[in-house]
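Below: the structure, in C-alpha coordinates.
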There are 2 protein chains.
Amino acid sequence: MKGRILEVARRIFGQYGFHGTTTRMIAQEVGIDISTLYYHWGEKGDLYEAVVLDIYEDLREQLVEVEKRIHGLALEKRMEIAVEMMTDYLFERPEISNLTLFRYFAKTRHASPLDFRVPEIMGNIAHSMGLVSDKKQLQPDAKMKMLAVMNAIHNFVSGQNFFLTMLDMDEKEYVKGVKETLKFLIIPAFVHNGAAPKRA
Amino acid sequence: MKGRILEVARRIFGQYGFHGTTTRMIAQEVGIDISTLYYHWGEKGDLYEAVVLDIYEDLREQLVEVEKRIHGLALEKRMEIAVEMMTDYLFERPEISNLTLFRYFAKTRHASPLDFRVPEIMGNIAHSMGLVSDKKQLQPDAKMKMLAVMNAIHNFVSGQNFFLTMLDMDEKEYVKGVKETLKFLIIPAFVHNGAAPKRA
DNA sequence: GAATGTTTCCATCAAATGATGGAAAACTAT
DNA sequence: ATAGTTTTCCATCATTTGATGGAAACATTC
(Lines give C-alpha, C1' and ligand atoms only; values in the text may rest on other atoms or scores of the structure.)
Protein backbone atom coordinates (compact mmCIF):
# COMPACT_ATOMS: atom_id res chain seq x y z
CA MET A 1 0.00 0.00 0.00
CA LYS A 2 2.77 2.33 0.92
CA GLY A 3 4.31 1.91 -2.51
CA ARG A 4 0.99 2.39 -4.28
CA ILE A 5 0.52 5.68 -2.51
CA LEU A 6 4.02 6.77 -3.40
CA GLU A 7 3.46 5.92 -7.05
CA VAL A 8 0.26 7.94 -7.28
CA ALA A 9 1.64 10.79 -5.22
CA ARG A 10 4.55 10.99 -7.57
CA ARG A 11 2.36 11.55 -10.56
CA ILE A 12 0.04 14.05 -8.93
CA PHE A 13 2.74 16.08 -7.23
CA GLY A 14 4.49 16.09 -10.57
CA GLN A 15 1.48 17.64 -12.27
CA TYR A 16 0.15 19.99 -9.66
CA GLY A 17 3.18 20.78 -7.53
CA PHE A 18 3.25 20.68 -3.75
CA HIS A 19 0.56 23.26 -3.01
CA GLY A 20 -1.60 22.33 -5.93
CA THR A 21 -1.85 18.78 -4.73
CA THR A 22 -4.20 17.96 -1.88
CA THR A 23 -3.92 14.90 0.24
CA ARG A 24 -7.50 14.06 -0.76
CA MET A 25 -6.57 14.03 -4.43
CA ILE A 26 -3.94 11.44 -3.74
CA ALA A 27 -6.16 9.35 -1.47
CA GLN A 28 -8.95 9.40 -4.00
CA GLU A 29 -6.72 8.39 -6.85
CA VAL A 30 -5.36 5.47 -4.85
CA GLY A 31 -8.88 4.55 -3.77
CA ILE A 32 -8.37 4.80 -0.04
CA ASP A 33 -9.54 6.91 2.82
CA ILE A 34 -7.49 9.93 3.68
CA SER A 35 -6.55 8.66 7.10
CA THR A 36 -5.00 5.63 5.47
CA LEU A 37 -2.72 7.99 3.64
CA TYR A 38 -1.70 9.60 6.90
CA TYR A 39 -1.34 6.26 8.57
CA HIS A 40 1.23 5.17 6.00
CA TRP A 41 3.01 8.36 5.19
CA GLY A 42 2.42 10.92 7.87
CA GLU A 43 2.43 14.56 6.86
CA LYS A 44 2.09 15.79 3.35
CA GLY A 45 5.60 17.17 3.36
CA ASP A 46 7.02 13.81 4.34
CA LEU A 47 5.32 12.19 1.40
CA TYR A 48 6.58 14.86 -0.93
CA GLU A 49 10.09 14.40 0.31
CA ALA A 50 9.85 10.69 -0.27
CA VAL A 51 8.62 11.34 -3.79
CA VAL A 52 11.48 13.64 -4.61
CA LEU A 53 14.05 11.21 -3.29
CA ASP A 54 12.34 8.49 -5.28
CA ILE A 55 12.64 10.29 -8.57
CA TYR A 56 16.23 11.18 -7.94
CA GLU A 57 17.04 7.57 -7.31
CA ASP A 58 15.34 6.63 -10.55
CA LEU A 59 17.29 9.26 -12.39
CA ARG A 60 20.55 8.06 -10.91
CA GLU A 61 19.83 4.49 -11.94
CA GLN A 62 19.00 5.52 -15.44
CA LEU A 63 22.22 7.43 -15.70
CA VAL A 64 24.04 4.27 -14.79
CA GLU A 65 22.25 2.48 -17.60
CA VAL A 66 23.14 5.20 -20.05
CA GLU A 67 26.74 4.93 -19.09
CA LYS A 68 26.81 1.21 -19.63
CA ARG A 69 25.38 1.68 -23.04
CA ILE A 70 27.73 4.35 -24.31
CA HIS A 71 30.87 3.03 -22.79
CA GLY A 72 33.75 2.97 -25.24
CA LEU A 73 32.05 4.83 -28.04
CA ALA A 74 33.24 7.98 -29.75
CA LEU A 75 32.22 11.24 -28.09
CA GLU A 76 29.66 12.28 -30.62
CA LYS A 77 28.03 8.90 -30.61
CA ARG A 78 28.05 8.85 -26.84
CA MET A 79 26.20 12.11 -26.68
CA GLU A 80 23.68 11.13 -29.29
CA ILE A 81 22.79 7.95 -27.51
CA ALA A 82 22.77 9.62 -24.11
CA VAL A 83 20.37 12.25 -25.33
CA GLU A 84 18.13 9.67 -26.97
CA MET A 85 18.05 7.43 -23.94
CA MET A 86 17.47 10.20 -21.41
CA THR A 87 14.80 11.77 -23.53
CA ASP A 88 12.90 8.53 -24.03
CA TYR A 89 13.19 7.71 -20.38
CA LEU A 90 11.93 11.07 -19.17
CA PHE A 91 9.07 11.20 -21.66
CA GLU A 92 7.77 8.07 -20.00
CA ARG A 93 8.03 9.64 -16.59
CA PRO A 94 7.29 13.34 -17.01
CA GLU A 95 6.84 13.72 -13.29
CA ILE A 96 10.59 13.41 -12.90
CA SER A 97 11.19 16.44 -15.04
CA ASN A 98 8.32 18.38 -13.51
CA LEU A 99 9.38 17.70 -9.96
CA THR A 100 12.95 18.53 -10.78
CA LEU A 101 11.98 21.87 -12.24
CA PHE A 102 9.58 22.62 -9.40
CA ARG A 103 12.42 22.01 -7.08
CA TYR A 104 14.63 24.61 -8.66
CA PHE A 105 12.39 27.52 -8.05
CA ALA A 106 8.99 26.86 -6.51
CA LYS A 107 8.85 28.09 -2.93
CA THR A 108 6.48 26.80 -0.28
CA ARG A 109 4.54 28.77 2.26
CA HIS A 110 5.85 27.23 5.41
CA ALA A 111 9.18 26.20 6.83
CA SER A 112 10.22 24.36 3.82
CA PRO A 113 10.04 20.62 4.01
CA LEU A 114 11.68 20.78 0.62
CA ASP A 115 15.13 21.88 1.67
CA PHE A 116 16.40 18.40 2.24
CA ARG A 117 19.56 17.15 0.73
CA VAL A 118 19.26 15.29 -2.49
CA PRO A 119 21.96 13.03 -3.82
CA GLU A 120 24.44 14.80 -6.00
CA ILE A 121 24.00 13.56 -9.53
CA MET A 122 25.91 16.10 -11.56
CA GLY A 123 28.92 13.87 -11.61
CA ASN A 124 26.77 10.95 -12.70
CA ILE A 125 25.41 12.98 -15.55
CA ALA A 126 28.81 14.04 -16.78
CA HIS A 127 30.10 10.56 -16.43
CA SER A 128 27.15 9.04 -18.17
CA MET A 129 27.62 11.41 -21.07
CA GLY A 130 31.20 10.39 -21.13
CA LEU A 131 32.47 13.88 -20.48
CA VAL A 132 34.67 13.15 -17.52
CA SER A 133 36.51 10.11 -16.41
CA ASP A 134 36.19 10.82 -12.74
CA LYS A 135 32.86 11.86 -11.37
CA LYS A 136 34.41 13.35 -8.28
CA GLN A 137 36.36 16.03 -10.05
CA LEU A 138 33.74 18.11 -11.68
CA GLN A 139 34.48 21.84 -11.84
CA PRO A 140 31.70 24.40 -11.45
CA ASP A 141 31.81 25.40 -15.08
CA ALA A 142 31.46 21.82 -16.17
CA LYS A 143 28.58 21.38 -13.75
CA MET A 144 26.83 24.31 -15.32
CA LYS A 145 27.18 22.71 -18.70
CA MET A 146 25.69 19.53 -17.37
CA LEU A 147 22.86 21.49 -15.86
CA ALA A 148 22.16 23.20 -19.13
CA VAL A 149 22.04 19.87 -20.95
CA MET A 150 19.81 18.14 -18.44
CA ASN A 151 17.52 21.11 -18.10
CA ALA A 152 17.11 21.34 -21.84
CA ILE A 153 15.75 17.83 -21.80
CA HIS A 154 13.58 18.42 -18.74
CA ASN A 155 12.05 21.47 -20.34
CA PHE A 156 10.93 19.73 -23.46
CA VAL A 157 9.55 16.84 -21.46
CA SER A 158 7.75 18.99 -18.94
CA GLY A 159 6.40 21.37 -21.47
CA GLN A 160 5.17 18.69 -23.84
CA ASN A 161 1.46 19.40 -23.63
CA PHE A 162 1.96 23.12 -23.81
CA PHE A 163 4.42 22.99 -26.67
CA LEU A 164 2.47 20.40 -28.68
CA THR A 165 -0.32 22.91 -28.94
CA MET A 166 1.97 25.82 -29.58
CA LEU A 167 3.85 24.03 -32.32
CA ASP A 168 0.81 22.28 -33.74
CA MET A 169 2.49 18.89 -33.74
CA ASP A 170 1.40 15.43 -32.75
CA GLU A 171 3.22 13.56 -30.07
CA LYS A 172 5.37 11.45 -32.33
CA GLU A 173 6.58 14.43 -34.32
CA TYR A 174 7.21 16.28 -31.13
CA VAL A 175 9.40 13.63 -29.58
CA LYS A 176 11.33 13.31 -32.81
CA GLY A 177 11.69 17.07 -33.03
CA VAL A 178 12.85 17.27 -29.44
CA LYS A 179 15.62 14.80 -30.02
CA GLU A 180 16.80 16.53 -33.15
CA THR A 181 16.74 19.90 -31.48
CA LEU A 182 18.65 18.67 -28.48
CA LYS A 183 21.31 17.10 -30.63
CA PHE A 184 21.47 20.18 -32.80
CA LEU A 185 22.18 22.23 -29.72
CA ILE A 186 24.30 19.99 -27.61
CA ILE A 187 26.59 18.09 -29.88
CA PRO A 188 28.35 21.00 -31.60
CA ALA A 189 29.09 22.56 -28.25
CA PHE A 190 30.92 19.58 -26.88
CA VAL A 191 32.33 18.06 -29.99
CA HIS A 192 33.44 21.10 -31.90
CA ASN A 193 34.59 23.10 -28.94
CA GLY A 194 37.04 20.48 -27.94
CA ALA A 195 35.53 20.78 -24.50
CA ALA A 196 35.56 17.14 -23.67
CA PRO A 197 38.56 15.93 -21.71
CA LYS A 198 40.43 12.94 -23.03
CA ARG A 199 39.12 9.67 -21.73
CA ALA A 200 41.64 7.94 -19.52
CA MET B 1 -3.50 50.89 -6.55
CA LYS B 2 -4.38 48.49 -9.26
CA GLY B 3 -0.86 48.65 -10.59
CA ARG B 4 0.71 48.25 -7.18
CA ILE B 5 -1.26 45.10 -6.65
CA LEU B 6 -0.24 43.79 -10.02
CA GLU B 7 3.41 44.45 -9.30
CA VAL B 8 3.34 42.62 -5.98
CA ALA B 9 1.21 39.80 -7.33
CA ARG B 10 3.71 39.32 -10.08
CA ARG B 11 6.53 38.74 -7.68
CA ILE B 12 4.65 36.47 -5.33
CA PHE B 13 2.98 34.36 -8.02
CA GLY B 14 6.43 34.09 -9.57
CA GLN B 15 7.85 32.61 -6.40
CA TYR B 16 5.04 30.49 -5.09
CA GLY B 17 3.06 29.66 -8.19
CA PHE B 18 -0.70 29.93 -8.49
CA HIS B 19 -1.73 27.55 -5.72
CA GLY B 20 1.11 28.43 -3.45
CA THR B 21 0.08 32.06 -3.46
CA THR B 22 -2.87 33.15 -1.33
CA THR B 23 -4.78 36.31 -1.89
CA ARG B 24 -3.94 37.29 1.69
CA MET B 25 -0.23 37.06 0.99
CA ILE B 26 -0.62 39.56 -1.82
CA ALA B 27 -2.91 41.88 0.15
CA GLN B 28 -0.55 41.85 3.09
CA GLU B 29 2.48 42.58 0.99
CA VAL B 30 0.73 45.54 -0.64
CA GLY B 31 -0.52 46.71 2.77
CA ILE B 32 -4.21 46.62 2.03
CA ASP B 33 -7.27 44.73 3.12
CA ILE B 34 -8.13 41.60 1.18
CA SER B 35 -11.41 43.00 -0.05
CA THR B 36 -9.54 45.85 -1.65
CA LEU B 37 -7.70 43.29 -3.66
CA TYR B 38 -10.98 41.79 -4.80
CA TYR B 39 -12.45 45.19 -5.46
CA HIS B 40 -9.67 46.02 -7.91
CA TRP B 41 -8.93 42.67 -9.46
CA GLY B 42 -11.80 40.29 -8.94
CA GLU B 43 -11.01 36.63 -8.65
CA LYS B 44 -7.57 35.24 -8.02
CA GLY B 45 -7.46 33.68 -11.45
CA ASP B 46 -8.18 37.00 -13.09
CA LEU B 47 -5.26 38.55 -11.31
CA TYR B 48 -3.01 35.68 -12.28
CA GLU B 49 -4.04 36.03 -15.89
CA ALA B 50 -3.26 39.72 -15.81
CA VAL B 51 0.13 38.95 -14.34
CA VAL B 52 0.98 36.43 -17.03
CA LEU B 53 -0.06 38.80 -19.80
CA ASP B 54 1.99 41.50 -18.13
CA ILE B 55 5.19 39.51 -18.14
CA TYR B 56 4.69 38.44 -21.72
CA GLU B 57 4.32 42.02 -22.75
CA ASP B 58 7.51 42.86 -20.90
CA LEU B 59 9.30 40.04 -22.63
CA ARG B 60 8.07 41.12 -26.03
CA GLU B 61 9.26 44.67 -25.45
CA GLN B 62 12.65 43.52 -24.34
CA LEU B 63 12.98 41.37 -27.44
CA VAL B 64 12.34 44.49 -29.49
CA GLU B 65 15.16 46.22 -27.64
CA VAL B 66 17.46 43.31 -28.26
CA GLU B 67 16.71 43.42 -31.91
CA LYS B 68 17.46 47.10 -32.17
CA ARG B 69 20.78 46.52 -30.55
CA ILE B 70 22.02 43.65 -32.67
CA HIS B 71 20.75 44.87 -35.98
CA GLY B 72 23.32 44.61 -38.70
CA LEU B 73 25.94 42.69 -36.73
CA ALA B 74 27.51 39.39 -37.68
CA LEU B 75 25.62 36.30 -36.55
CA GLU B 76 27.96 35.27 -33.81
CA LYS B 77 28.05 38.76 -32.38
CA ARG B 78 24.30 39.00 -32.59
CA MET B 79 23.85 35.86 -30.57
CA GLU B 80 26.38 36.85 -27.96
CA ILE B 81 24.74 40.17 -27.36
CA ALA B 82 21.25 38.71 -27.42
CA VAL B 83 22.18 36.14 -24.82
CA GLU B 84 23.85 38.76 -22.64
CA MET B 85 20.96 41.15 -22.85
CA MET B 86 18.25 38.60 -22.28
CA THR B 87 20.13 37.07 -19.39
CA ASP B 88 20.71 40.39 -17.66
CA TYR B 89 17.12 41.39 -18.20
CA LEU B 90 15.66 38.18 -16.81
CA PHE B 91 17.98 38.08 -13.81
CA GLU B 92 16.45 41.38 -12.77
CA ARG B 93 12.95 39.98 -13.14
CA PRO B 94 13.14 36.32 -12.17
CA GLU B 95 9.39 36.15 -11.93
CA ILE B 96 9.21 36.27 -15.69
CA SER B 97 11.20 33.10 -15.99
CA ASN B 98 9.42 31.41 -13.11
CA LEU B 99 5.98 32.22 -14.40
CA THR B 100 6.94 31.14 -17.88
CA LEU B 101 8.15 27.79 -16.63
CA PHE B 102 5.15 27.34 -14.36
CA ARG B 103 3.00 27.90 -17.36
CA TYR B 104 4.57 25.10 -19.33
CA PHE B 105 3.65 22.35 -16.98
CA ALA B 106 1.98 23.28 -13.70
CA LYS B 107 -1.67 22.25 -13.70
CA THR B 108 -4.36 23.81 -11.58
CA ARG B 109 -7.12 22.10 -9.69
CA HIS B 110 -10.08 23.74 -11.28
CA ALA B 111 -11.26 24.70 -14.73
CA SER B 112 -8.07 26.30 -15.67
CA PRO B 113 -8.06 30.06 -15.72
CA LEU B 114 -4.60 29.61 -17.12
CA ASP B 115 -5.56 28.33 -20.54
CA PHE B 116 -5.88 31.74 -22.06
CA ARG B 117 -4.13 32.73 -25.18
CA VAL B 118 -0.83 34.42 -24.78
CA PRO B 119 0.77 36.46 -27.52
CA GLU B 120 2.98 34.43 -29.77
CA ILE B 121 6.54 35.48 -29.21
CA MET B 122 8.51 32.74 -30.88
CA GLY B 123 8.85 34.82 -33.98
CA ASN B 124 10.00 37.76 -31.93
CA ILE B 125 12.66 35.65 -30.30
CA ALA B 126 14.00 34.34 -33.57
CA HIS B 127 13.91 37.76 -35.06
CA SER B 128 15.59 39.34 -32.10
CA MET B 129 18.37 36.80 -32.30
CA GLY B 130 18.66 37.62 -35.93
CA LEU B 131 17.88 34.10 -37.03
CA VAL B 132 15.06 34.86 -39.40
CA SER B 133 14.24 37.83 -41.48
CA ASP B 134 10.51 37.36 -41.33
CA LYS B 135 8.86 36.60 -38.05
CA LYS B 136 5.81 35.18 -39.68
CA GLN B 137 7.54 32.29 -41.38
CA LEU B 138 8.91 30.28 -38.54
CA GLN B 139 8.88 26.53 -39.09
CA PRO B 140 8.20 24.17 -36.18
CA ASP B 141 11.76 22.95 -36.05
CA ALA B 142 13.04 26.49 -35.84
CA LYS B 143 10.52 27.22 -33.14
CA MET B 144 11.82 24.32 -31.14
CA LYS B 145 15.31 25.69 -31.39
CA MET B 146 14.10 29.04 -30.17
CA LEU B 147 12.32 27.34 -27.33
CA ALA B 148 15.45 25.50 -26.33
CA VAL B 149 17.45 28.71 -26.30
CA MET B 150 14.95 30.71 -24.30
CA ASN B 151 14.29 27.89 -21.88
CA ALA B 152 17.99 27.47 -21.25
CA ILE B 153 18.09 31.07 -20.10
CA HIS B 154 14.89 30.79 -18.07
CA ASN B 155 16.23 27.76 -16.28
CA PHE B 156 19.40 29.38 -15.10
CA VAL B 157 17.49 32.45 -13.99
CA SER B 158 14.76 30.54 -12.22
CA GLY B 159 17.10 28.10 -10.61
CA GLN B 160 19.55 30.72 -9.39
CA ASN B 161 19.10 30.24 -5.66
CA PHE B 162 19.08 26.49 -5.94
CA PHE B 163 22.08 26.33 -8.25
CA LEU B 164 24.13 28.90 -6.34
CA THR B 165 24.09 26.56 -3.41
CA MET B 166 24.68 23.49 -5.50
CA LEU B 167 27.61 25.02 -7.32
CA ASP B 168 28.99 26.84 -4.29
CA MET B 169 29.26 30.13 -6.18
CA ASP B 170 28.44 33.70 -5.34
CA GLU B 171 25.96 35.61 -7.39
CA LYS B 172 28.43 37.46 -9.53
CA GLU B 173 30.32 34.32 -10.47
CA TYR B 174 27.06 32.60 -11.17
CA VAL B 175 25.78 35.20 -13.61
CA LYS B 176 29.10 35.22 -15.37
CA GLY B 177 29.13 31.43 -15.52
CA VAL B 178 25.60 31.36 -16.85
CA LYS B 179 26.47 33.65 -19.73
CA GLU B 180 29.54 31.68 -20.61
CA THR B 181 27.69 28.40 -20.46
CA LEU B 182 24.86 29.67 -22.59
CA LYS B 183 27.24 30.95 -25.22
CA PHE B 184 29.23 27.77 -25.07
CA LEU B 185 26.09 25.85 -25.84
CA ILE B 186 24.23 28.07 -28.20
CA ILE B 187 26.72 29.70 -30.47
CA PRO B 188 28.33 26.61 -31.95
CA ALA B 189 24.93 25.20 -32.78
CA PHE B 190 23.85 28.13 -34.84
CA VAL B 191 27.11 29.37 -36.19
CA HIS B 192 28.85 26.13 -37.02
CA ASN B 193 25.83 24.25 -38.19
CA GLY B 194 25.07 26.77 -40.83
CA ALA B 195 21.57 26.71 -39.47
CA ALA B 196 20.94 30.38 -39.73
CA PRO B 197 19.15 31.47 -42.87
CA LYS B 198 20.75 34.20 -44.93
CA ARG B 199 19.68 37.62 -43.93
CA ALA B 200 17.68 39.31 -46.68
C1' DG C 1 -22.01 72.05 1.38
C1' DA C 2 -24.62 68.37 -0.71
C1' DA C 3 -25.01 64.70 -3.71
C1' DT C 4 -22.84 61.23 -6.02
C1' DG C 5 -19.33 58.01 -7.06
C1' DT C 6 -15.24 55.38 -5.69
C1' DT C 7 -12.29 53.03 -2.58
C1' DT C 8 -11.24 50.80 1.65
C1' DC C 9 -12.12 48.22 5.58
C1' DC C 10 -14.35 45.09 9.04
C1' DA C 11 -16.70 41.21 9.86
C1' DT C 12 -17.99 37.24 8.11
C1' DC C 13 -19.19 33.20 5.24
C1' DA C 14 -18.85 28.61 2.78
C1' DA C 15 -15.84 25.52 1.34
C1' DA C 16 -11.50 23.45 1.30
C1' DT C 17 -7.40 21.52 3.44
C1' DG C 18 -4.15 19.15 6.58
C1' DA C 19 -4.74 16.18 9.96
C1' DT C 20 -6.58 13.06 13.88
C1' DG C 21 -9.15 9.73 17.47
C1' DG C 22 -11.43 5.81 18.02
C1' DA C 23 -13.71 1.85 16.37
C1' DA C 24 -14.20 -1.71 13.03
C1' DA C 25 -12.16 -4.67 9.78
C1' DA C 26 -8.50 -7.27 8.21
C1' DC C 27 -4.48 -9.76 8.89
C1' DT C 28 -1.10 -12.71 11.43
C1' DA C 29 0.60 -16.03 14.68
C1' DT C 30 -0.24 -19.68 17.76
C1' DA D 1 -10.69 -20.45 17.31
C1' DT D 2 -8.39 -16.91 19.87
C1' DA D 3 -5.49 -13.21 20.83
C1' DG D 4 -2.67 -9.78 19.25
C1' DT D 5 -1.32 -6.62 15.71
C1' DT D 6 -1.94 -3.87 11.76
C1' DT D 7 -4.67 -1.43 8.55
C1' DT D 8 -8.68 0.99 7.17
C1' DC D 9 -12.52 3.78 7.68
C1' DC D 10 -15.93 7.20 9.52
C1' DA D 11 -16.64 11.22 11.64
C1' DT D 12 -14.76 15.15 12.84
C1' DC D 13 -11.74 19.05 14.03
C1' DA D 14 -9.00 23.47 13.58
C1' DT D 15 -7.30 26.25 10.40
C1' DT D 16 -6.91 28.22 6.02
C1' DT D 17 -8.54 30.07 1.68
C1' DG D 18 -11.29 32.42 -1.88
C1' DA D 19 -14.57 35.56 -1.66
C1' DT D 20 -18.44 38.95 -0.23
C1' DG D 21 -21.97 42.53 1.97
C1' DG D 22 -22.45 46.60 3.99
C1' DA D 23 -20.75 50.60 6.11
C1' DA D 24 -17.30 54.08 6.56
C1' DA D 25 -13.97 56.89 4.46
C1' DC D 26 -12.49 59.34 0.68
C1' DA D 27 -12.79 61.85 -3.78
C1' DT D 28 -15.21 64.35 -7.31
C1' DT D 29 -18.66 67.29 -9.27
C1' DC D 30 -21.97 70.78 -9.14
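Quick note on labels: first sequence line is chain A, next is B, and so on, each numbered from 1. The figures that follow rest on heavy atoms only: side chains count, while hydrogens, waters and symmetry mates do not. Everything numeric here is computed off the predicted structure, so don't read it as measured data.
Regarding B/Phe13, its CZ atom lies at a distance of 13 Å from the C1' atom of D/dT17, rounded to whole Å. As rounded to whole Å, 12 Å separates atom P of D/dT20 from atom CG of B/Leu37. In this structure, A/Phe18 places its CZ atom 8 Å from P of C/dG18, rounding to the nearest Å. Nucleotide C/dT7 holds its C1' atom 5 Å from the OH atom of B/Tyr39, rounded to whole Å. Rounded to a whole Å, the NZ atom of B/Lys44 is 14 Å from the C1' atom of C/dA15. Here D/dC10 presents its P atom at 6 Å from CG of A/Asp33, a figure rounded to the nearest Å. When the P atom of C/dT20 is taken as reference, atom CD of A/Glu43 falls 6 Å away, rounded to whole Å. Going from atom CD1 of B/Ile5 over to atom P of C/dT7 covers 11 Å, rounded to whole Å.
One finds a side-chain N or O of B/His40 lying less than 4.0 angstrom from the OP1 or OP2 phosphate oxygen of C/dT8. Close to D/dC9, at under 4.0 Å from its OP1 or OP2, lies no side-chain N or O of A/Ser35. For C/dT17, the OP1/OP2 oxygens have a side-chain nitrogen or oxygen of B/Arg109 closer than 4.0 Å. Between B/Tyr38 and the phosphate of D/dA19, there is a side-chain N or O to OP1/OP2 separation shorter than 4.0 Å. Applying the 4.0 Å criterion to OP1 and OP2 of C/dT7, one finds that B/Thr36 has every side-chain N and O outside that range. Listed pair A/His19 / C/dT17 fails the phosphate criterion, with no side-chain N or O lying under 4.0 Å from OP1 or OP2.
The backbone N or O of A/Ile70 sits nowhere less than 3.5 Å from a side-chain atom of A/Arg78 that would complete a donor-acceptor pair. No donor-acceptor distance shorter than 3.5 angstrom exists from the side chain of B/Lys107 to the backbone of A/Gly20, with no hydrogens or angles considered.
If you look at A/Tyr104 and B/Phe163, their ring centroids are closer than 6.0 Å. Aromatic ring centroids of A/Phe13 and A/Phe102 lie 6.0 Å or more apart.
Hydrophobic clustering, with ILVMFWY side chains joined whenever heavy atoms are under 4.5 angstrom apart, keeps A/Tyr39 apart from A/Ile32.
Minimum atom distance to the side chain of B/Ile34 is reached by D/dA19, of the listed D/dA19, D/dT8, C/dT8. Side-chain atoms of B/Arg24 lie closest to C/dT12 of the nucleotides D/dC9, C/dT12, C/dA19.
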